[in-house]
Amino acid sequence: MSFVYPHSEIEAKWQKAWSDKKTDVADIANAKKPFYNLMMFPYPSAEGLHVGNMYAFTGTDIYGRFKRLQGFDVFEPIGLDGFGIHSENYAFKVGKHPVEQAKRSEKNFYRQLSLIGCMYDWSRTVQTYDPGYYRWTQWLFVQMFRHGLAYRAKAEVNWCPSCKTVLADEQVIDGKCERCGNLVEKKALEQWFFRITAYAGKLLENIGSLKWSEKVLSAQQNWIGKKEGINITYPVVDEKGENIGEVVCFTTRPDTNYGATFVVLAPEHPFISVLQRVIKKEKADAITQYITKAKKVSSQDRIAHGRKKTGVDTGLWCVNRLTGQKMPLYVSDFVVMGVGTGAVVGVPAHDERDYAFAQEFHLPIRKVIGWKGELHIVIPKQFVIDKSISNLTSPQVFVEEREATIAVVCGIDSSNEVISCMQELFRKSDGYAYIDGDMSGLVTKEGIITQEHDIAEFFSERHINVNEVWPAYKDSYPFCYTGDGYVVDSDFLNGKATEQAIPLMMDYLEKNGWGKRVTSYHLRDWLISRQRYWGPPIPMIHCVKCEAAGKGERSDTPGWYTVPDDQLPVELPYIEDYKPGDDGIAPLAKHKEFYETPCPGCGEVAARETDVSDTFLDSSWYFLRYPSIGSASENNAPFDPKVTKKWLPVTMYTGGAEHSVLHLMYSRFVTIVLKEWGYLDFEEPFPNFFAHGLVIKEGAKMSKSKGNVVNPDEYIKLYGTDALRLYLMFMGPFSEGGDFRDSGMEGMHRWVNRVWRMATSSLEVSTDIVMSDIVVKNLHKTIKKVGEDTSRRHYNTAIAAMMEFTNCVADNNGTLTLPMLKDFLVILAPFAPHLTEELWARAGGEFSIHTQAWPKYDDTYLVEQSVPVVIQVNGKLRDTVHIDIESASDQKKVEAISQASEKAQKFLAGKKPKKIIFVAGKLINYVV
RNA sequence: GCCGGGAUGGCGAAAUUGGUAGACGCGCAGGUUUUAGGAACCUGUGCCGCAAGGCUUGGAGGUUCGAUUCCUCUUCCCGGCACCA
């Protein structure tokens with residue numbers, strides 16, 4: 001029965017052969033053209049892989065196999081990120097000890113991974129829970145500490161009451177735990193942090209050199225969130241004018257500071273306890289009461305937009321040294337301690353939140369941005385009113401007629417005058433007074449108006465292209481500003497544009513010693529410790545005596561010592577009470593036999609750190625480990641310098657976009673510091689990162705929690721790995737993912753059988769059959785297209801091209817000569833490795849098809865003898881004629897041919913063409 | 001709100017420089033073969049229309065002989081950030 005492809009038997013046969021002959025084991029030492037093709041390793045949080053995982057691995061594997069056929073020495077490793085909260089939670093769920101479950105998961109994941117036919121180098125795997133691996137994860141921690149990048153701090157941290165551990169900021173999504181979805185609480189705990197913020201500038205700067213997708217780059221940029229501003233110091237005085245202290249406010253808009261009318265402190269601000277000592281008791285009590293209430297509001301509610309502003313007056317004032325004016329000092333929960341300095345200077349005229357607060361507490365509103373100098377107002381001709389509008393307003397308004405517009409140029413400097421002028425103008429035009437307020441985005445009774453939107457709507461409703469009526473729209477059209485304009489009522493800044501005013505004001509404040517420029521980032525330090533069991537113990541020792549004596553490995557962290565390198569790894573002991581408690585105390589803290597250890601400083605009894613490190617630390621460096629496995633220095637260094645120089649950075653990294661800010665940011669940080677410490681000679685681990693799409697099932701991302709996972713095992717059994725691989729890749733471009741459907745799967749199974757039949761019948765005929773030209777040409781075309789499409793990961797169109805080829809063969813006798821069949825098998829090999837290996841062997845090819853060279857195509861075959869030429873009349877298709885390539889390039893000949901076309905003549909009859917457009921070899925277009 | 005990405009038949013999608021919109025596949029309809037089912041093969045298949053022809057790439061405008069592709073505006077969907085001062 002050679003009509004049906006016997007997938008099970010063939011897959012098993014070749015998987016064994018590849019393994020026996022070490023086809024996929026990379027020659028790390030001798031490779032001439034190293035290509036490190038890496039995919040994000042899976043974390044075994046479920047019983048096995050689903051087709052979503054398989055999609056990602058297959059798409060990466062096809063690229064690796066393609067590169068190998070192109071002559072690269074491809075290294076494609078796999079491992080398991082099984083040390084951490086996801087795997088631990090899964091172990092709890094199935095009621096197994098994490099140690100036992102890790103063994104089970106490993107077995108099952110590796111079984112499945114070997115079934116999907118990827119060219120993994122099984123001689124070099126990484127399991128993050130192996131002591132031989134986490135020894136170096138701990139080493140990394142030790143290095144961080146020794147270089148002053150690991151520190152302890154008592155901080156309000158995110159605490160997940162369900163997972164019973166702290167979470168990094170990155171692991172909190174909308175106030176909820178990334179893992180379990182429970183609301184996250186704040187808890188004050190002493191924790192270990194990595195000083196990633198010290199590298200915020202570097203992380204941002206290097207983004208420019210990365211060949212990543214926009215989506216991922218902008219996510220990283222947003223997360224780093226660079227802001228340039230100034231910290232302004234305001235003296236605080238009481239009603240008698242006596243100085244009480246000072247408050248520092250961060251702002252990015254110091255140019256509006258003449259319009260500042262109040263200052264607000266976050267409820268957590270440390271200055272509150274200072275001021276409470278000097279103010280009247282009832283005021284202090286009111287503040288305490290407010291703060292107590294504010295703390296009860298969940299962080300989710302607190303950051304909710306448009307919430308009614310609340311607050312309490314301290315009865316004190318901040319002095320705006322620019323004006324000498326006293327600004328009342330408030331406490332309000334709309335100010336967050338973690339943002340800026342936790343104190344905000346309120347400029348209600350130019351900030352929505354400040355405005356809302358000022359309204360609530362009846363605080364003054366001072367406008368300091370207006371329009372000055374020349375103002376160009378453009379009105380489409382059809383709405384132009386008579387020129388008498390020039391009489392409407394202040395002296396220098398005049399009307400200038402343009403081709404399609406009227407420009408009004410005002411030489412006035414009061415924003416209010418301009419506004420009334422504008423209002424009148426638009427009222428006259430078309431009776432449409434659509435601007436009901438202030439031109440500069442200032443405050444009106446109705447609130448803040450963003451003029452840009454209004455004007456855009458105005459023109460859009462009338463189907464007018466703004467660019468056309470006013471070409472310089474972008475530069476001079478006032479409506480395109482949103483709140484930016486020219487400074488007014490601000491002394492030395494008057495008349496300056498916002499962009500100029502900001503640095504001028506910063507200079508001025510700094511010169512007077514009232515402020516200091518700062519660059520702030522949204523990025524926070526990486527919270528590293530976890531009060532959990534299943535992770536690498538943090539390799540630190542704490543000695544109470546040394547701390548009391550002010551001694552320690554580092555003067556800034558008395559009492560703390562790193563575990564000496566020769567004592568690493570600090571092995572995670574097997575314990576029975578591994579579940580986390582509600583108290584924030586780690587499971588290991590209940591095991592004296594674990595934590596009691598001599599102090600490396602004084603030799604007295606000290607205690608090991610009992611927290612473990614975050615999973616993301618395990619995966620922040622794993623890519624450095626793979627190539628070095630099996631090298632001489634494997635056991636005395638995390639990675640071999642020679643091997644690393646040859647194989648890193650990773651040539652091509654592929655993974656899910658969901659790791660845009662977590663794993664990718666941490667890996668970049670770790671690589672940057674390893675370079676700084678002299679261990680590496682590059683800063684960026686992944687110069688090329690490809691974010692693959694997600695597999696959707698029934699409209700949702702495939703995930704265990706949604707209950708829509710599809711296990712690849714049954715499909716592999718039914719249709720074979722190759723058919724499943726092809727189907728997954730055929731759904732759409734690899735970057736886009738796709739919707740998994742059974743019916744599509746069957747269609748691909750059909751094609752695999754068609755290929756099988758085409759090949760086996762070609763082998764039966766096997767004599768020197770004469771191939772039709774069409775098929776020969778088509779093969780060359782297909783080799784070219786499959787190569788190009790595979791390069792850019794458009795596997796779907798590469799597969800479509802191969803389908804077209806088999807259709808073409810079927811239409812022409814259904815058989816191929818041996819050399820043509822072999823070429824076709826090679827280009828199909830990355831997609832269907834087993835099927836092609838079998839057919840290759842039957843065609844007499846030498847093992848293995850996967851180490852052959854990608855076939856060359858001959859350009860001369862790509863030139864068509866006859867081409868279709870399109871005849872258009874007024875740009876509309878009227879006829880298509882097939883003519884030889886030479887005539888098709890000759891305008892006279894094409895004209896003659898088109899004259900003879902009945903279909904075209906029907907539309908040309910009696911009309912004289914005004915113009916004839918001719919594109920050689922493509923089309924002729926008569927304009928009549 | 002800000003920053004990214006996207007929208008094309010009944011469905012997944014294609015169109016690499018502005019030049020035949022819908023390749024390839026699924027589904028559907030009809031047929032051949034088969035005791036039946038399945039499988040395989042053949043034909044058709046964007047929409048309206050008997051046809052001639054007209055319409056059609058989320059929507060509105062524009063540039064062009066010609067726009068899925070370029071420009072302006074807009075709606076909706078997906079992702080990231082967010083009382084960020």
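So you know, we letter chains A, B, ... as the sequences are listed, proteins then strands, and number each from 1.
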Assert: residue with more 5' nearest nucleotide on RNA chain B, out of A:K227 and A:E788, is A:E788

Can you tell me if [X] uses its side chain to pair, donor with acceptor, with the backbone of [Y] under 3.5 Å?
| X | Y | result |
| --- | --- | --- |
| A:Y795 | A:F730 | no |
| A:D351 | A:R353 | yes |
| A:T341 | A:V248 | yes |
| A:R366 | A:Y258 | yes |

Whole-Å gap separating [atom2] ([N]) and [atom1] ([X]):
| X | N | atom1 | atom2 | result |
| --- | --- | --- | --- | --- |
| A:F262 | B:A85 | CZ | C1' | 10 Å |
| A:I871 | B:G66 | CD1 | P | 19 Å |
| A:D789 | B:U16 | CG | P | 11 Å |
| A:H749 | B:G38 | NE2 | C1' | 13 Å |
| A:K785 | B:A14 | NZ | P | 10 Å |
| A:Y727 | B:G12 | OH | C1' | 7 Å |
| A:H522 | B:G1 | NE2 | P | 20 Å |
| A:H663 | B:G80 | NE2 | P | 18 Å |

Give a yes/no on whether any side-chain N or O of A:R757 is located under 4.0 angstrom from OP1 or OP2 of B:C41. yes

Under 4.0 Å: is that the gap between some side-chain N or O of A:R353 and OP1 or OP2 of B:A82? no

Once salt bridge (charged side-chain N to carboxylate O under 4.0 Å, His left out) is applied, do any residues pair with A:K226, and if so which ones, sequence neighbours excluded? A:E228

Partners of A:K785 by salt bridge (charged side-chain N to carboxylate O under 4.0 Å, His left out), sequence neighbours excluded? A:D789

Which pairs pass salt bridge (Lys or Arg N to Asp or Glu O under 4.0 Å) with one or both residues in residues 722-732 of chain A, sequence neighbours excluded? A:D61-A:R725

Taking the [atom1] atom in each of [N] and [M], what is the distance between them to the nearest angstrom?
| N | M | atom1 | answer |
| --- | --- | --- | --- |
| B:C48 | B:C42 | P | 28 Å |
| B:G58 | B:G25 | P | 25 Å |
| B:A23 | B:U57 | C1' | 15 Å |
| B:U45 | B:G22 | P | 12 Å |
| B:A67 | B:C50 | C1' | 34 Å |
| B:G6 | B:A13 | P | 14 Å |
| B:U69 | B:A15 | P | 15 Å |
| B:G59 | B:A7 | P | 13 Å |

Quick one: the dot-bracket string of RNA chain B, using Watson-Crick and G-U wobble pairs with both distances under 3.5 Å, [ ] for crossing pairs and | for bases paired to another strand. (((((((..(((......[....)))((((((.......))))))(((....)))..(((((..]....))))))))))))....

For nucleotides 18-29 of chain B, read 5' to 3', which letter fits each nucleotide if B means a protein heavy atom sits under 4.0 Å from the base, S means only the sugar-phosphate is that close, and - means neither? -BB--BBSSS--

Spell out protein contact along nucleotides 3-9 of chain B as letters: B when the base is contacted, S when just the sugar-phosphate is, - when no protein heavy atom is under 4.0 Å; keep the 5' to 3' order. BSS----

Under 6.0 Å between ring centres: does that hold for A:Y55 and A:F740? no

Centre-to-centre under 6.0 Å for A:Y715 and A:Y727, is that the case here? no

Relative to its sugar, using the 90° cut-off around 0, the base of B:G9 is syn

So what does A:V927 touch, heavy atoms closer than 4.0 Å: a base, only the sugar-phosphate, or nothing? sugar-phosphate

Under 4.0 Å between any heavy atoms, over every strand shown, what does A:K784 touch: base, sugar-phosphate, or nothing? Just pick one. nothing

Would you call A:E788 and A:R792 a salt bridge, using N to O less than 4.0 angstrom? no

A:T233 versus A:W514, side-chain donor and acceptor atoms under 3.5 Å: no

Minimum side-chain heavy-atom gap A:I924-A:I917 below 4.5 Å: no

Residue pair A:L322 / A:M505, side-chain heavy-atom distance below 4.5 Å: yes

